[in-house]
Amino acid sequence: MTCTDLTVRRGKREAVRNVSFTLDAGRWLAVIGRNGSGKSTLLLTLAGLLRRQSGQAEVRGALETVLQNTALDKLLTVRENAMLFARLRGVAAEQAAARIASLAGSLGVEDRLNDRVGSLSGGLARRADLLRACVTGPEILLLDEPTAGLDETARRGFLESVRLLRDAGRTTLVWATHDDAEARAADHVAVLDDGERAAFEPPEALAARAADRIVLSVSGEPDRTGAAGPLREAAERAVAEGRTVRLRPISLLESALEPSFR
């Protein structure tokens with residue numbers, strides 16, 4: 001997968017501007033950025049659902065998508081949804097049934113295949129949608145914030161399911177996310193800032209840049225990002241004054257976009 005100087009307009013605004021990157025087959029790319037940074041636009045363009053204004057987006061191989069809203073019929077069972085999708089994609093029934101049986105265990109839905117999707121929790125419905133997307137054996141899987149709105153347990157379960165899928169084959173993953181843990185699970189991280197590529201690095205490189213840096217939130221003050229020692233001292237003073245204080249590690253997004261987060 002290769003993007004070269006990709007520019008995409010949404011209305012009068014250039015939502016993606018001159019973005020370039022190359023992702024080898026079988027690798028996992030996390031796309032992160034603030035709201036409106038162009039993450040969804042990039043994925044929809046890669047999926048062929050949006051027209052580019054200039055540049056190139058070369059995507060080779062069978063492609064499927066998993067979006068925030070599941071592409072499932074709530075009146076059908078998990079198995080029926082997957083079988084119907086496979087039929088629409090031209091996959092033989094026997095082959096589809098074998099893939100469903102193989103995937104259901106790793107996705108944690110093996111005991112829910114005969115349940116109607118409308119009866120499932122949000123987390124299980126997302127896994128059922130992932131099963132639907134994977135039953136065709138895609139070479140490329142685009143996921144646009146698929147864990148949005150899920151609780152922590154469901155989010156971690158979905159992330160683990162995707163990890164198992166990636167480890168079991170050669171599927172290329174492009175995952176747009178706001179979640180730091182999801183970004184850290186990827187092989188590479190692309191950071192978008194107002195439609196432009198701000199970084200394209202392994203998560204370890206971004207994490208190293210953030211080493212020994214934290215974010216301090218104190219009631220009545222703007223958040224501060226800096227070295228851990230001085231900010232912890234500032235936090236202790238604020239606590240002594242009776243103010244609400246929160247310390248947290250700097251995220252990959254913040255490490256890429258400094259000093260704009262200072």
Side-chain angles (χ1 to χ4, degrees), residues 1-69 133 138-148 162 166 170-210 213 215 225 250-262:
M1 177 185 298
T2 302
C3 284
T4 306
D5 296 328
L6 181 66
T7 296
V8 183
R9 189 180 297 276
R10 304 291 292 269
K12 296 182 179 180
R13 174 175 172 266
E14 288 185 342
V16 169
R17 185 167 52 256
N18 298 324
V19 168
S20 299
F21 67 85
T22 298
L23 183 66
D24 293 335
R27 307 299 284 175
W28 181 340
L29 173 66
V31 182
I32 63 175
R34 292 170 287 194
N35 289 334
S37 62
K39 301 187 301 298
S40 294
T41 297
L42 176 60
L43 264 67
L44 291 173
T45 305
L46 293 175
L49 299 175
L50 288 178
R51 180 180 298 178
R52 65 184 185 273
Q53 268 57 58
S54 61
Q56 297 294 324
E58 185 178 355
V59 180
R60 295 181 178 178
L63 180 149
E64 299 294 352
T65 61
V66 177
L67 307 179
Q68 293 185 39
N69 296 318
E139 297 166 89
I140 301 167
L141 191 59
L142 306 181
L143 304 103
D144 189 7
E145 299 191 35
T147 62
V162 173
R166 195 276 302 268
R170 292 286 296 169
T171 303
T172 302
L173 301 174
V174 182
W175 181 321
T177 181
H178 281 288
D179 187 271
D180 209 57
E182 293 171 3
R184 289 174 185 265
D187 299 305
H188 298 281
V189 177
V191 182
L192 295 183
D193 186 27
D194 194 24
E196 296 184 339
R197 197 196 83 176
F200 186 84
E201 302 179 49
E204 296 81 6
L206 289 173
R209 193 182 304 173
R213 297 179 69 78
V215 179
T225 300
I250 188 172
S251 69
L252 298 185
L253 179 61
E254 290 164 328
S255 70
L257 296 184
E258 283 192 336
S260 59
F261 275 85
R262 293 187 181 186

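Looking only at atom types and distance, the side chain of Asp193 has no donor-acceptor partner in the side chain of Ser37 under 3.5 Å away. A donor-acceptor pair shorter than 3.5 Å cannot be found between the side chains of Glu139 and Thr171. Side-chain contact of Arg10 with Thr41: a donor-acceptor pair under 3.5 Å is present, judged by distance alone.
Taking a cutoff of 4.0 Å between a charged side-chain nitrogen and a carboxylate oxygen, Glu201 and Arg209 qualify as a salt bridge. A salt bridge is defined here as a Lys NZ or Arg NE, NH1 or NH2 lying under 4.0 Å from an Asp or Glu carboxylate O, and Glu58 with Arg60 meets this definition. In summary, Arg34 and Asp194 do not engage in a salt bridge, as defined by a charged side-chain N under 4.0 Å from a carboxylate O.
For the pair Glu145 and Lys39, the minimum side-chain heavy-atom distance is below 4.5 Å. Between Val189 and Pro202, the closest side-chain pair of non-hydrogen atoms is not below 4.5 Å. The closest side-chain heavy-atom distance from Asp144 to Ser40 is below 4.5 Å. Counting only heavy atoms from C-beta outward, the side chains of Asp180 and Ile32 never approach each other to under 4.5 Å. For the pair Ser251 and Leu253, the minimum side-chain heavy-atom distance is below 4.5 Å. The side-chain heavy atoms of Leu142 and Trp175, taken from C-beta on, include no pair separated by under 4.5 Å. The side-chain heavy atoms of Gln56 and Thr2, taken from C-beta on, include no pair separated by under 4.5 Å.
The shortest non-hydrogen separation linking His178 to Gly33 is CE1-O, 3.4 Å. In plain terms, the two heavy atoms of Ala30 and Ala183 that are nearest each other are CB-CA, 3.7 Å. Taking every heavy atom of both residues into account, Leu46 and Cys3 meet most closely at CD2-SG, 3.6 Å. In this structure, Ile140 and Gly61 approach most closely via the heavy-atom pair CD1-O, 4.3 Å. The nearest pair of heavy atoms linking Ala186 to Pro203 is O-CG, 3.2 Å. Minimum heavy-atom separation, Asp187 to Gly26: OD2-O, 4.5 Å.
Annotation: the span from Thr65 atom OG1 to Leu49 atom CG amounts to 7.0 Å, rounded to 0.5 Å. Distance check: Leu206 CG to Glu254 CD gives 12.0 Å after rounding to the nearest 0.5 Å. Here Gln53 contributes atom CD and Arg17 contributes atom CZ; the two are 12.5 Å apart, rounded to the nearest 0.5 Å. Considering CD of Glu14 and OG of Ser54, their distance stands at 7.5 Å, rounded to 0.5 Å. Here Leu6 contributes atom CG and Thr45 contributes atom OG1; the two are 6.0 Å apart, rounded to the nearest 0.5 Å.
Just one residue in the list Leu23, Leu143, Leu29 forms a side chain to side chain contact (heavy atoms under 4.5 Å, CB included) with Leu173, and that residue is Leu143. Just one of Leu42, Val191, Val19 meets the side chain to side chain contact (heavy atoms under 4.5 Å, CB included) condition when paired with Val31; it is Leu42.
Residues satisfying the salt bridge (charged side-chain N to carboxylate O under 4.0 Å, His left out) test with Asp5, not counting sequence neighbours, are none.
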Inset, instruction - Step by step, work out the side chain to side chain contact (heavy atoms under 4.5 Å, CB included) result for Phe21 and Met1. - result: CA-CA 8 Å; Phe21 67 85; Met1 177 185 298; 4.1 Å; yes
Inset, instruction - Verify side chain to side chain contact (heavy atoms under 4.5 Å, CB included) between Leu141 and Thr172, making sure each step is shown before the conclusion. - result: CA-CA 6 Å; Leu141 191 59; Thr172 302; over 6 Å; no
Inset, instruction - Begin from the C-alpha positions of Trp28 and His188 and carry the test side chain to side chain contact (heavy atoms under 4.5 Å, CB included) through to its verdict. - result: CA-CA 6 Å; Trp28 181 340; His188 298 281; over 6 Å; no
Inset, instruction - Using the side chain to side chain donor-acceptor pair (under 3.5 Å) rule, take Thr177 and Glu182 through it: C-alpha gap first, then chi angles, then the decisive distance, then the call. - result: CA-CA 7 Å; Thr177 181; Glu182 293 171 3; 2.4 Å; yes
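Without hydrogens or angle criteria, Arg197 side chain to Ser20 main chain gives a donor-acceptor distance under 3.5 Å. For the pair Ser255 (side chain) and Ala207 (backbone), a donor-acceptor distance under 3.5 Å is absent.
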